[in-house]
Novice: 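Quick one: the structure is below, questions incoming.
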Amino acid sequence: RRARLLGAARTDEELADPAGLPSGEVEAAETRAQVRAAIERLTERDRQLLLLMAEGYRYREIAQATGINEASVGTLLARAKRAFRNAYEGPYDAS
């Protein structure tokens, strides 16, 4: 029925994806959505630390931007990474 509405014959992959995107792009979009959802579940400080680190800031710059002690940045980043991993994978993911 959908194929009739769309006109020309479509492949199974095109019918499965309403946007007509290649499956790799669909998977990438889903991954981005999961990452965004995980980031939103983090505390504001963890989110700031991870985003600054991802942007290439050094520990000293991260400390200045967030107002935390430079000596604490590494430990707090490790905790933020763990929190992100838990938020992304979920509490019951076996991987």
Side-chain angles (χ1 to χ4, degrees):
R1 180 174 162 200
R2 181 174 174 185
R4 268 187 290 137
L5 292 172
L6 294 175
R10 305 278 184 179
T11 66
D12 289 342
E13 184 175 316
E14 289 172 318
L15 290 175
D17 178 24
L21 296 174
S23 62
E25 289 181 40
V26 172
E27 187 175 318
E30 289 172 357
T31 300
R32 281 192 300 274
Q34 287 177 308
V35 168
R36 284 188 188 111
I39 288 173
E40 288 176 9
R41 287 192 290 272
L42 298 177
T43 64
E44 182 64 28
R45 182 177 72 181
D46 286 351
R47 187 174 23 251
Q48 283 181 328
L49 289 168
L50 291 175
L51 293 175
L52 289 169
M53 182 195 69
E55 289 294 322
Y57 284 77
R58 299 176 190 272
Y59 281 16
R60 176 175 292 135
E61 296 166 324
I62 292 172
Q64 291 171 347
T66 59
I68 61 176
N69 186 327
E70 184 179 348
S72 301
V73 171
T75 300
L76 294 173
L77 273 171
R79 291 178 185 167
K81 289 176 189 178
R82 189 173 336 126
F84 172 80
R85 202 168 24 256
N86 290 338
Y88 181 77
E89 295 173 351
Y92 303 107
D93 192 7
S95 56

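Both backbone and side-chain heavy atoms feed into the values below; hydrogens, waters and symmetry mates do not.
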Novice: Quick check for you: to the nearest 0.5 Å, what is the distance between Glu44 atom CD and Thr66 atom OG1?
Specialist: 11.0 Å

Novice: If you round to the nearest 0.5 Å, how far is CD of Glu89 from CD of Gln34?
Specialist: 10.5 Å

Novice: Would you name the heavy atoms of Arg45 and Leu76 that are closest together and state the gap between them?
Specialist: NH2-CD2, 3.5 Å

Novice: Of all the heavy-atom pairs spanning Asp46 and Ala83, show the shortest one and how long it is.
Specialist: OD2-CB, 3.8 Å

Novice: Could you tell me if the side chain of Tyr59 sits less than 4.5 Å from the side chain of Ile68, heavy atoms only?
Specialist: no

Novice: Could you walk me through whether Arg82 and Asn86 pass the side chain to side chain contact (heavy atoms under 4.5 Å, CB included) test, one step at a time?
Specialist: CA-CA 6 Å; Arg82 189 173 336 126; Asn86 290 338; 4.0 Å; yes

Novice: Specify the closest pair of heavy atoms between Leu50 and Ala80, including all atoms of both residues, with the distance to one decimal.
Specialist: CD1-O, 3.6 Å

Novice: Rounded to the nearest 0.5 Å, what's the gap from CD on Glu70 to CZ on Arg58? Could you check?
Specialist: 11.0 Å

Novice: Measure across Leu42 and Phe84 and return the closest heavy-atom pair with its distance rounded to 0.1 Å.
Specialist: CD2-N, 3.6 Å

Novice: Give, for atom CD of Gln64 and atom CZ of Arg60, the distance between the pair rounded to the nearest 0.5 Å.
Specialist: 7.5 Å

Novice: Can you give me the closest heavy-atom contact between Gly56 and Glu61, atom names plus distance?
Specialist: O-OE1, 4.5 Å

